[in-house]
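Written out below as structure tokens is the structure these notes cover.
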Amino acid sequence: MAALTLYPESERLPRGERITFNLYMISALLLFVLMMVLGVIMRMGQSLWLDVPPDLFYQVLSMHGAGMVGTMSLATTAVMWFFLRKYVRLHLWAFLANYLLFLCGALCIIGAVFVGRYAGLWTFLYPLPTHAMGMWGNGAAACFMVGYLFIGVGSLLFYLDAAAAIIGRYGNLGRAMGLQWLFGGTIDPDHPKAVVASTMVVIANSLGILAGAVVLVMYLVAIAYPEFTMNALYAKNLTYWFGHMYINATIYMGVMAVYELLARYSGRPYAISRPFLWSWAASCVFVIVVFPHHLLMDYAQPRWVAVTGQVVSYLAGFPVFLVTVWGALTNIHRSGMRWSTPSRLLILSMFGWAAGILPAILDGTIGINRVMHNTQWVPGHFHFYLLLGVLPMVLALLYHVIGSRRAAPPDSGADRLGVPVYLIGGMTFALAFLDAGHMSVARRMSSHLAEWIPNDRVGAIGASLVLLAMVYFAVRIIHGLLRAPGAESTAHAAG
Amino acid sequence: MIFQDLVWTIAASGIALVALVFLYIVANAGRAIDPAALSTSQRRIAGLRRGLFWVLVLVFVGASYASLHRFPIPPQHAPLDAAQVVDVQARQWSWQLSQPGQPPGAALQLTAGAPVEFRVRSDDVNHGFAIYAPNGRIAIQTQAMPGFTNKILHTFTQVGTYRVMCLEYCGLGHAPMVSSFDVAAPAGG
Ligand code: HEM
Ligand SMILES: [Cu+2]
């Protein structure tokens, strides 16, 4: 069965592809480590273990938010590319152009924050970026927004190339998502899950990026012509439409690693099914319309919009539990699995997603949001599924790839130690945030009330463990990626 | 039980349940099932999934009904007819709380047991108007958004000092942007 070859020929990276993939992933690993250092600095500052003045704290918070979201998108785009290119003809120039545009954007953002002192956060809610009370200037705000535009244009370029390639191969986007099989018909058992997921991401995230581009351009106009003003509620809707979709797209891009790799490690085929197609069709709609759950405390928003936000947040749990997590667990259940680092990380990612979505769904309830909104409950749930969910998906693919270059799944003693340290640190860190949230600890505050500090310290310790494990993973993987893939030709027989 | 504690208990139980399921599966993943038993096992798993689907549907319908049939946000475009009214004006970085008919800066006169209407506005950027109860927990909140008035209707049950904190990042002075007011026992209560 071809699908169960551990390192299939079709995934082999020719020279240009390998260099570009390495550029993406090595940049992402370095950025993850740096952004985690910033995260630990914030946690240490809240714990009073480190003196972080408020202006610096909010710059660091802006950098960490924008930097982590951007880096996660960069890394998961490479995950999507890695698998999608096996099925459709992607152009390397589009993939490379996205990387270069990302770099330009990252430079603008870093300059805006650390030179221009921009501290209006990654969600840049109107009109704060142009109303800083002297903390930073409009130039810095404009530079930050231009940085976003670079990154957005890069993503759009990559998605356009992907969309064209998918349409070229499957006729249209609906057929690529398998909509023709929703109500009947024989599903092509070889229809790739990665194509279904990629198509969904292309549709949803392109819409989100366009919404973001609209607000960003309006901001630039407002900076150039101060008499031009926006409706703050309208701007906030567009901002979260963009922000929600952009960060959620990373989950949907990252999860392709689970769909593609898990069956190879369990040795049991992981077939495509009608529930799978339904779940991706439904998720596509849900992710596009769920963003009002970020505006539940904007009472001026029409009632039906808030109700949509809550109901769709609940519904979004169905595909995750019934299809993706269920599918992954039944795939490995009593499969005779031989564990190695990639498969451990794949299962960790499923756990992080499934567990982290629970507090997120609760927070999507209007009555609960009234007491949890903008408390640390929120970083509690999203770090849970980003740090323990999406990032392990990326790491799993990377461990898999370095394994393919050595013809065996990596599983050294240090790898075996790294995964539990990451898990325990990450759980401690995320649960400390959730615990703080239920104690009404506000998020995004440079200084905390005295009674909040013990909790901050627990979080800071967990965060340091995560950082430690991540530094190890980064060094290990970068070293593995840079090894010349000499032994590769003998590797493909393994399984 | 404090509402936040209930929510945390539900979340923590859910996370623990997910963790147990994962531990069970992971612990059994290494033993391969006898190929002859595979198809029965797969039928059982499909049955379990159908069961889980219906459980989730029930939870979805029940939770939606329970949390929405009395809508948690008061009507914003109709008069709320509360006897106690507070006007809240947010700006970078302070709160101004006042009552109609009272001079600005006067202490609020509020009593527990009867609804209070808060009309929340902002002069400049987005702020978050959150009322912390004497026990340190958020009692209720809404956004303070420039150009809009968000109205809260809340009945205080606890007597004591309430603290107002800003729950939407608004720049350098965000964390110290606090205020407070007292809620007294109802007269004759
Ligand atoms: C060691 C790992 C990490 C640490 C220590 C860390 C720490 C933090 C801290 C302290 C905050 C601010 C919390 C507050 O509001 O009080 C934060 C916010 C945030 N983090 Fe992390 N983080 C880590 C990993 C990640 C990862 C992997 C992501 C993934 C994309 C991420 C994305 C974010 C985002 C989007 C915010 C919100 C920024 C905002 O409020 O504007 N973080 N993080
Ligand atoms: Cu504020």
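All chains are named by letter (A, B, ...) in the order of the sequence lines, taking the proteins before the strands, and each is independently numbered beginning at 1. Side chains are part of it too, since the values below use all heavy atoms of this structure and drop only hydrogens, waters and symmetry mates. Note that the structure is predicted; figures quoted are calculated from it, not measured.
Interface remark: Met439(A) contributes backbone and side-chain atoms alike to the contact with chain B (heavy atom separation under 4.5 Å). Proximity to chain B is absent for every atom of Leu295(A), based on heavy atoms less than 4.5 angstrom apart. If you measure heavy-atom distances from Arg344(A) to chain B, you find no contacts under 4.5 Å at all. Only the side chain of Leu358(A) comes within contact range of chain B, with heavy atoms under 4.5 Å apart. For chain B, no part of Leu61(A) is nearby; none of its heavy atoms comes within less than 4.5 Å. Only the backbone of Tyr126(A) comes within contact range of chain B, judged by heavy atoms closer than 4.5 Å. Both the backbone and the side chain of Asp435(A) have a heavy atom closer than 4.5 Å to some heavy atom of chain B. Only the side chain of Leu362(A) comes within less than 4.5 Å of a heavy atom of chain B; its backbone N, CA, C and O stay farther away.
The line from CE of Met145(B) to CG of Asn231(A) is 8.0 Å long, rounded to the nearest 0.5 Å. Here the straight-line distance linking atom CZ of Phe321(A) with atom CZ of Arg49(B) works out to 14.0 Å at 0.5 Å rounding. With values rounded to the nearest 0.5 angstrom, Tyr169(B) atom OH is found 13.0 Å from Asn374(A) atom CG. From Met372(A), atom CE reaches atom CG of Leu167(B) across 12.5 Å, with rounding to the nearest 0.5 Å. Remark: Gln92(B) CD to Leu128(A) CG distance equals 6.5 Å, nearest 0.5 Å.
Listed by chain and number, the residues in a ring-ring contact (aromatic ring centres under 6.0 Å, His included) with Phe22(B) are Phe351(A) (sequence neighbours excluded). Residues satisfying the ring-ring contact (aromatic ring centres under 6.0 Å, His included) test with His69(B), not counting sequence neighbours, are Tyr65(B).
With a 4.5 Å cut-off on side-chain heavy atoms, Pro75(B) and Arg303(A) count as touching.
For the side chain to side chain contact (heavy atoms under 4.5 Å, CB included) with Thr330(A), the qualifying choice from Ile45(B), Ile25(B), Leu48(B) is Ile45(B), the only one to do so.
Chain B forms more heavy-atom pairs under 4.5 Å with one residue of Gly356(A), Pro127(A), Pro54(A) than with any other, namely Pro127(A).
Closest of all the heavy-atom pairs between Lys151(B) and Tyr299(A) is O-CD2, 3.3 Å.
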